[in-house]
Amino acid sequence: MDVSTTTWALTIVGLCALIAADFFIGGRKPHEVSMKEAGTWTIVWVVLAILFGAGLYAAGESRAAGEFAAGYITEKSLSVDNLFVFVLIMAKFAVPTIYQQRVLMVGVLMALVMRAIFIAAGAALISTFSWIFFIFGGFLIWTAWKLVREARAEAEGHEEEAYEENRLLKMVERRFPSTSQYHGTKLFVVENGKRLMTPMLIVMLAIGSTDLLFALDSIPAIFGLTQDPYIVFTANAFALMGLRQLYFLIGGLLKKLVHLSYGLSIILGFIGVKLVLHALHEQGVHVPEISTPVSLAVICGVLVVTTITSLRASRKLGREQEQAAPRD
């Protein structure tokens, strides 16, 4: 897809306008986000993504529209998995409910900027070294296997959910003094003549840096569906921008998606194989390549099956716990 500089500029300006509208309408004043508000904004962001894809199709870019749809759904599903960790981060730092939306908004914006840098670097590598697809594909297959192992260990009770601060966050906390209490939405305060960080800034850095680590999986995954930097960026942007509202909408339902990790492992493994086949094709080896419609069908099919089996397993577990409760 040939995208002009003007189109890039208009797209970025449009996204910035949407983010500003989201902030001034729903996120400017700290408050507890209701289910109605979260549901409304989630629908708004999904509809905007659909309209963007429809716009690509109407402009005669049917292939780009299909790649955007596959990339958006993949990034959105991976983002839902990320919400598990966001819940743990909020609990670890004891973030008051009224401030959680501000933390998520700033953290997601940080992640979006850093992902844009990742996407630019990935596009440059792909355009220069075709063999990079082997690395991306192998990494995704390894990540898929790792997800399966972690899901099995968690299901068997060998691992407990816990958030561990990354090295960047630990370094910041060591080198910069901070307060132990929240001071509204302030990031810095002055106490006894010393400028101190507040827990608000620390938790924002935790959300942003954690999402950056998740990008190590999601960026290679979407490059396995499309090599167009414009589609990669817009799919990531639309998937991330509705993440704050999705957190409040399905936060209580996350634990019911017990098979989500298995579904994501299948998707990442599938895309990894697709990347390896593409890399072989680029090297002149005659192998079949997986088309975008097939990729989209596989991704949607896996997510539907995973959701259905997760809800059934959760209901079954709930009934078993209810039956066991009187005996206890």
Side-chain angles (χ1 to χ4, degrees), residues 1 3 46 49-57 59-82 115 118-119 122-123 125-127 130-148 214-240 259-283 285-309:
M1 181 178 175
V3 181
V46 171
I50 293 173
L51 291 176
F52 181 83
L56 291 175
Y57 186 84
E61 298 289 348
S62 57
R63 179 176 179 178
E67 291 176 347
F68 172 80
Y72 172 75
I73 293 173
T74 300
E75 292 297 315
K76 200 69 173 178
S77 59
L78 290 171
S79 296
V80 170
D81 191 45
N82 298 351
R115 284 196 184 203
F118 266 43
I119 291 169
L125 287 172
I126 288 173
S127 63
S130 60
W131 49 262
I132 201 70
F133 288 112
F134 284 114
I135 297 178
F136 282 1
F139 178 73
L140 289 180
I141 293 173
W142 175 80
T143 301
W145 171 242
K146 182 182 177 184
L147 272 177
V148 171
F214 289 141
L216 296 177
D217 297 338
S218 63
I219 297 301
I222 195 170
F223 269 117
L225 300 170
T226 176
Q227 285 80 60
D228 189 328
Y230 182 76
I231 301 300
V232 173
F233 174 73
T234 51
N236 264 275
F238 278 104
L240 281 175
H259 296 159
L260 180 61
S261 293
Y262 292 108
L264 293 179
S265 67
I266 294 173
I267 292 173
L268 291 178
F270 169 77
I271 298 175
V273 172
K274 184 178 186 295
L275 276 171
V276 172
L277 291 175
H278 181 74
L280 290 171
H281 183 79
E282 291 290 315
Q283 298 299 319
V285 180
H286 296 288
V287 294
E289 285 205 84
I290 302 173
S291 65
T292 299
V294 171
S295 299
L296 184 57
V298 170
I299 293 167
C300 292
V302 169
L303 290 176
V304 169
V305 172
T306 299
T307 301
I308 293 174
T309 58

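If you read the sequence from its start, that first residue is 1, and numbering goes on from there.
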Undergrad: Are side-chain heavy atoms of Val46 and Phe238 found at a separation under 4.5 Å?
TA: no
Undergrad: If you define the side chain from C-beta out and look only at heavy atoms, does anything of Ile290 sit under 4.5 Å from Leu277?
TA: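 Counting from C-beta outward, Ile290 and Leu277 do come under 4.5 Å.
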Undergrad: Leu56 versus Thr234: any side-chain heavy-atom pair under 4.5 Å?
TA: no
Undergrad: As an exercise, state the distance from CD1 of Ile222 to OH of Tyr72, rounded to the nearest 0.5 Å.
TA: 11.5 Å
Undergrad: When the ring planes of Tyr230 and Phe52 are compared, do they come out parallel, tilted or perpendicular, using 30° and 60° as the limits?
TA: tilted
Undergrad: Between Lys274 and Ser291, what is the shortest heavy-atom contact and its length?
TA: CE-O, 4.5 Å
Undergrad: To the closest 0.5 Å, what do you measure between CD1 (Ile299) and NZ (Lys76)?
TA: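 If I round to the nearest 0.5 Å, the distance is 15.5 Å.
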Undergrad: So how far is it from Glu289 CD to Leu280 CG, rounded to the nearest 0.5 Å?
TA: 9.5 Å
Undergrad: Side chains of Ile119 and Phe223: closer than 4.5 Å at any heavy-atom pair?
TA: yes
Undergrad: Identify the two heavy atoms, one from Ala144 and one from Ser265, that lie closest to each other, and give their separation to 0.1 Å.
TA: CB-O, 3.1 Å
Undergrad: Write down the atom of Gly71, the atom of Ala235, and the distance for their closest heavy-atom approach.
TA: C-CB, 4.0 Å
Undergrad: With the side chain counted from C-beta on, respond yes when Ile219 and Asn236 share a heavy-atom pair under 4.5 Å apart, and no when they do not.
TA: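 Ile219 vs Asn236: side chains touch.
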Undergrad: Got Leu264 and Ser77 here, is their nearest side-chain heavy-atom distance under 4.5 Å?
TA: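 When only atoms from C-beta onward are counted, Ser77 and Leu264 do touch, with a gap below 4.5 Å.
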Undergrad: Using a cut-off of 6.0 Å, state whether more than 12 heavy atoms not belonging to Phe139 lie near its atom CZ.
TA: yes
Undergrad: For Leu140 and Ala221, work out which heavy atoms get closest and say how close.
TA: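 Result for this residue pair: CD1-CA, 3.6 Å.
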Undergrad: To the closest 0.5 Å, what do you measure between CD (Gln227) and CZ (Phe133)?
TA: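 Interatomic distance, Gln227 CD to Phe133 CZ, rounded to 0.5 Å: 4.0 Å.
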Undergrad: To the closest 0.5 Å, what do you measure between CZ (Arg63) and OG1 (Thr292)?
TA: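 Result: 6.0 Å between the selected atoms.
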Undergrad: Side-chain contact test, heavy atoms from C-beta onward, threshold under 4.5 Å: evaluate it for Leu303 versus Ile267 and give yes or no.
TA: yes
Undergrad: In the structure I gave you, are the side-chain heavy atoms of Val302 and Phe270 within less than 4.5 Å of one another anywhere?
TA: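 Val302 does not reach Phe270 side chain to side chain.
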Undergrad: Considering non-hydrogen atoms only, spot the tightest contact between Leu240 and Arg115 and give its length.
TA: CD1-CD, 3.7 Å
Undergrad: Measure the acute angle between the ring planes of His259 and Tyr262, then classify it against the limits of 30° and 60° as parallel, tilted or perpendicular.
TA: perpendicular
